[in-house]
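Bear in mind the structure is a predicted one, so any value in this text is a computation, not a measurement. Letters A, B, ... mirror the listed sequences (proteins, then strands); counts begin at 1.
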Amino acid sequence: MPELPEVEVVRRGLARWVRGRTITSVDILDPRSIRRHALGPEDFAGNLEHATVLDVVRRGKFLWMPLAMEGTPAHEPGTGVALMAHLGMSGQLLMQDPHVPDEKHLKVRLRLSEADGMPEQLRFVDQRIFGGLFVTSLVPTADGGPGGLAEAPLPEIAGEAAHIARDPLDPHFSFEDFYRKLKSRRTGLKRALLDQGIISGIGNIYADEALWRARLHYARATDTLRRADALRVVEAAREVMSDALAAGGTSFDSLYVNVNGDSGYFARSLDAYGRTGQPCRRCAEAGLAGVIKREQFMNRSSHTCPVCQPRPRNGRW
DNA sequence: AACGCGACCTGCGAGC
DNA sequence: TGCTCGCAGGTCGCGT
């Protein structure tokens with residue numbers, strides 16, 4: 001479900017509800033959701049109980065909450081601990097009141113210290129269990145911290161997110177760094193867009209949308225890509241994701257943190273993804289007959305208009 | 001070293 | 001009705 005806009009919606013919503021609150025108890029309903037916590041469920045819960053959430057930050061699709069541990073008065077840079085969350089394909093982080101029945105796929109429940117008018121539980125719900133939670137250490141970074149969208153970025157990052165590149169909405173995103181990495185790879189453009197070490201936050205939907213907007217084919221060889229083309233595809237990704245973020249942002253005031261990127265709200269704005277067999281909007285406007293087609297690529301679906309995104313010959317142009 | 005595939009999971013709708 | 005198949009927005013690790 002979640003790509004960058006959805007994760008950022010969750011981050012913003014969550015920050016409002018949990019910052020400054022203390023975790024009082026932890027229920028692990030399905031240990032598979034914390035399998036990335038190598039030391040097991042007891043250690044996971046033990047680390048979280050009595051810890052206070054300092055903030056909610058993000059790098060790409062990785063989301064984490066730096067914690068102040070009980071009895072540790074000052075936060076020493078480089079010694080921090082955080083609760084890491086990745087939503088995978090179907091993860092949700094929901095703020096709920098205790099009387100709300102457990103969700104069918106509720107995996108982990110955190111009870112929080114009482115706060116005026118705020119829900120008492122943070123619940124991790126995940127159908128497919130590709131996502132998960134774990135406790136991790138923060139490591140120092142010289143690059144300015146997690147992501148520029150955090151209100152108060154700390155100069156440290158979760159180790160598991162250190163290899164993740166910045167996303168195109170991050171104020172510290174560097175087109176030059178992106179272009180350099182792109183040119184150094186021998187691969188297809190969509191594969192590169194989905195590589196979180198080259199550019200982060202883009203998943204299958206927004207990759208297809210960005211390529212459609214930039215009129216580029218997914219198999220275009222990255223090492224031959226001209227600067228203007230690379231710029232166009234990054235700008236397209238930035239635009240489509242910030243539009244989606246704006247749409248998702250409308251649910252900020254609901255009681256729980258909305259993760260429902262599939263609520264259909266932004267789906268209507270998509271031009272390529274999921275429009276198999278329907279006329280390409282750009283072609284229709286120009287009086288052309290392009291029809292969006294779906295192909296298997298990297299074991300997943302790719303949606304393109306064969307008229308305005310022609311397949312490159314020899315992976316070139 | 002980098003790439004690319006399979007594994008990790010559950011549930012839904014289509015087709016038989 | 002009930003089975004099987006294909007499909008779903010992500011990431012990691014291993015083999016090449």
Pairing partner (Watson-Crick or G-U wobble, both distances under 3.5 angstrom) of B:dG6: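 Pair assignment: B:dG6 / C:dC12.
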
Minimal non-hydrogen separation, [X] against [Y], with atom names:
X: A:F134; Y: A:E160; result: CE1-CD, 3.4 Å
X: A:T222; Y: A:K183; result: O-CD, 4.0 Å
X: A:R294; Y: A:S301; result: NH1-OG, 2.8 Å

Steps toward salt bridge (Lys or Arg N to Asp or Glu O under 4.0 Å) verdict (A:R166, A:D177): CA-CA 10 Å; A:R166 290 186 183 276; A:D177 288 351; over 6 Å; no

Short side-chain N/O contact from [X] to OP1 or OP2 of [N], under 4.0 Å:
X: A:T187; N: B:dG4; value: yes
X: A:S90; N: C:dG9; value: no
X: A:K104; N: B:dT10; value: no
X: A:H86; N: C:dC12; value: no
X: A:R294; N: C:dC7; value: yes

Worked check of salt bridge (Lys or Arg N to Asp or Glu O under 4.0 Å) between A:D195 and A:R185: CA-CA 11 Å; A:D195 184 336; A:R185 298 296 180 98; 3.2 Å; yes

Distance in angstrom units between [X] [atom1] and [N] [atom2], rounded:
X: A:L106; N: B:dT10; atom1: CG; atom2: P; value: 16 Å
X: A:I205; N: C:dG10; atom1: CD1; atom2: P; value: 7 Å
X: A:R300; N: C:dC7; atom1: CZ; atom2: C1'; value: 12 Å
X: A:I198; N: C:dT11; atom1: CD1; atom2: C1'; value: 15 Å
X: A:D126; N: B:dG11; atom1: CG; atom2: P; value: 11 Å
X: A:M241; N: C:dG9; atom1: CE; atom2: P; value: 16 Å
X: A:Q92; N: B:dT10; atom1: CD; atom2: C1'; value: 14 Å
X: A:L182; N: B:dA2; atom1: CG; atom2: P; value: 15 Å

Any N/O pairs under 3.5 Å between the protein and nucleotides 5-9 of chain B? List them or say none.
unit_1 : atom_1 : unit_2 : atom_2 : d
B:dC9  : O3'    : A:R32  : NH1    : 3.3
B:dC9  : O2     : A:R128 : NE     : 3.2

Distance-only side-chain donor-acceptor flag, A:T52 / A:T22, under 3.5 Å: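 Yes.
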
Nearest-Å distance once atom P is located in both C:dT11 and B:dG11: 22 Å

Euclidean distance for P, C:dG6 against B:dG6 (whole angstrom): 14 Å

Crowding at CD, A:E114 (>12 non-hydrogen neighbours, <6.0 Å): no

Sugar-phosphate only, base, or nothing, as touched by A:F62 at under 4.0 Å among non-hydrogen atoms: sugar-phosphate

Comparing A:G203 and A:Q296 on DNA chain C - which has the more 5′ nearest nucleotide: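 Result: A:Q296.
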
Within one Ile-Leu-Val-Met-Phe-Trp-Tyr cluster: A:L270 and A:W212, side-chain cutoff 4.5 Å: no

